[in-house]
Amino acid sequence: MTSRRTPPFGRALCAMITPFTDEGLLDLDGAQRLADRLVSEGCDGLVLSGTTGESPTTTDAEKSALVRAVADAVADRAAIVAGIGTADTRHTVELALEAEKAGADGLLVVTPYYSRPPQDAVEAHFRAIADASGLPLALYDIPGRTGTRIEPETMLRLAGHPRIVAVKDCAYDLLGTQKVLARTELAYYTGCDEYVLAMYSIGGAGYISTVANVTPRHFRSILDAFDGGDPDEAVRLQQLTIPLTELMMASGLPGSVTAKALLGALGLPSGPVRAPLRPAGRDAVDGLRTAYAELTAHSDRVDTS
């Protein structure tokens, strides 16, 4: 087994959706109920106001209110990581300070998007946020959405900052990831649900999962099996997730849309998505329900709520 870094936010994190009311308002009661369920079913931490949490369409005040409500609901049972990334360094610093006041335990900061800054500007952006707040930072590397990679060399330099402690990795570059893992103490969380076991087996810290909104216990069981010395069982559990993960993350619909659709079908807090996103159609919902039912039927360690 590979050497395991101490994960700063736990191993099993959920990129939680942001529940809304039928009228499209922030549903704090629903957020608290969903957060309590996720933690009770095995999540060590909750990432709020990420892309899955529809951060582009929630206000700064809503983001702070969500952190406060979820922190009250889970208390010290789980880490609260607030997504604060924007394309504007000054605005991101403001959100970092507000999240800290609201009770977050850590921050998730995405690479500035659309403007495609060069690597020295990317580095300066992250350092400005890390310098401004007293909270530990996880850098979010997802070039497919932002248009800009955090290059391994940049990551190596940033790893020297005392508050930059983790990475949410959606770069699909295991070679680059291993270069950084081999030379730093950064905790790497995969943000790609199909990579949970792959990342963990090469020294990753765990995952930040969208699919875990509906199957928190099952995804945790993959890590538990691996840590328990049963890699074959970990492989079996990972492979069981493939149909649901494909429908939720690779069907052409954003994960926020599919997660909310399935949560709603299961009678759990969700609500509508905000425009420009649109709700999943009936065929998509039926497919998600079928894949979820198959997953629960074929694994004795899966969530059955």
Side-chain angles (χ1 to χ4, degrees), residues 12-18 34 38 41-43 45-56 83 85 108 110-111 113 138 140-147 167-174 177 188-200 204 206-223 234-235 237-266 268 270 273-274 276-281 283-296 298-299 302-303:
L13 279 69
C14 177
M16 197 178 100
I17 60 115
T18 300
L34 179 60
L38 290 170
E41 294 292 344
C43 292
L46 303 173
V47 175
L48 308 178
S49 297
T51 309
T52 301
E54 298 178 75
S55 58
L108 178 68
V110 74
T111 315
Y113 40 84
Y140 188 6
D141 189 15
I142 183 166
R145 290 204 180 200
T146 65
V167 177
K168 180 181 178 182
D169 187 3
C170 289
Y172 288 98
D173 176 17
L174 284 180
T177 293
Y188 262 72
Y189 294 90
T190 183
C192 308
D193 291 82
E194 68 273 27
Y195 272 71
V196 167
L197 181 56
M199 180 70 76
Y200 202 59
Y207 57 77
I208 299 174
S209 167
T210 293
V211 183
N213 275 282
V214 292
T215 58
R217 188 182 301 170
H218 183 92
F219 273 85
R220 186 184 182 94
S221 72
I222 298 169
L223 306 187
V235 169
L237 292 167
Q238 175 75 66
Q239 290 178 346
L240 283 172
T241 68
I242 291 171
L244 182 59
T245 294
E246 185 171 23
L247 286 176
M248 287 189 68
M249 306 304 295
S251 65
L253 294 174
S256 51
V257 171
T258 54
K260 280 194 164 183
L262 185 50
L263 285 168
L266 297 173
L268 296 167
S270 57
V273 290
R274 283 181 175 172
L277 297 180
R278 296 174 63 82
D283 288 346
V285 175
D286 289 345
L288 289 164
R289 293 192 68 158
T290 297
Y292 176 84
E294 290 175 350
L295 179 58
T296 59
H298 288 93
S299 172
V302 74
D303 182 282

Practice prompt. Show the numbers, then the answer: is there a side-chain contact (heavy atoms from CB on, under 4.5 Å) between Leu244 and Leu288?
Written response: CA-CA 7 Å; Leu244 182 59; Leu288 289 164; 4.3 Å; yes
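- Between the side chain of Thr258 and the backbone N or O of Gly255, at least one donor-acceptor pair lies under 3.5 Å.
- Taking both residues in full, the closest heavy atoms of Tyr292 and Thr215 are given as CE1-CG2, 3.8 Å, listed atom of the first, atom of the second, then distance.
- For the pair Tyr188 and Asp141, the minimum side-chain heavy-atom distance is 4.5 Å or more.
- Atom CD in Glu194 sits 13.5 Å away from atom CD in Gln239 (nearest 0.5 Å).
- Counted by atom type alone, Asp169 and Thr177 present one or more donor-acceptor pairs between their side chains at under 3.5 Å.
- Ring centers of Tyr207 and Tyr200: at least 6.0 Å apart, outside the cut-off.
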Discussion item. The test is side-chain contact (heavy atoms from CB on, under 4.5 Å); show your working for Phe219 and Thr245 and say whether it passes.
Written reply: CA-CA 11 Å; Phe219 273 85; Thr245 294; 4.0 Å; yes
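- Note: Tyr113 OH to Thr51 OG1 = 9.0 Å, rounded to the nearest 0.5 Å.
- Here the straight-line distance linking atom OG of Ser256 with atom CG of Asn213 works out to 10.0 Å at 0.5 Å rounding.
- Arg220 places no side-chain N or O within donor-acceptor distance of the main-chain N or O of Ala12, the cut-off being under 3.5 Å.
- When side chains are defined from C-beta on, Asp193 does not count as touching Thr241, because their heavy atoms never get closer than 4.5 Å.
- Rounding to the nearest 0.5 angstrom, the gap separating the CD atom in Gln238 from the CG atom in Leu197 is 5.5 Å.
- Counting all heavy atoms, side chain and backbone alike, Ser270 lies closest to Ile17 at CA-CD1, 3.8 Å.
- What you find for Pro143 and Ala171 is that their closest heavy atoms are CD-CA, 3.9 Å.
- For the atom pair Arg217 CZ and Cys43 SG, the distance stands at 11.0 Å (nearest 0.5 Å).
- The local environment of CZ in Arg274 is crowded, with over 12 non-hydrogen atoms from other residues, nucleotides or ligands closer than 6.0 Å.
- Contact check for Val196 versus Ser209: no side-chain heavy atoms found under the 4.5 Å cut-off.
- When all heavy atoms are compared, the tightest approach of Leu247 to Ala291 is CD1-CB, 3.8 Å.
- Contact record, Ala259 with Val214: O-CG1, 4.4 Å, taken as the closest heavy-atom pair.
- Here the side chains of Tyr195 and Leu174 are in contact, with some heavy-atom distance below 4.5 Å.
- Across all non-hydrogen atoms, the minimal contact from Lys260 to Thr18 is NZ-O, 2.8 Å.
- Residues Arg278 and Val257 fail the side-chain proximity criterion, which asks for heavy atoms closer than 4.5 Å.
- The CG atom of Leu295 sits 12.5 Å away from the OG1 atom of Thr290 when rounded to the nearest 0.5 Å.
- Considering Val47, Ile208, Leu38, Thr210 as possible partners of Met16, the one that fulfils the side-chain contact (heavy atoms from CB on, under 4.5 Å) test is Leu38.
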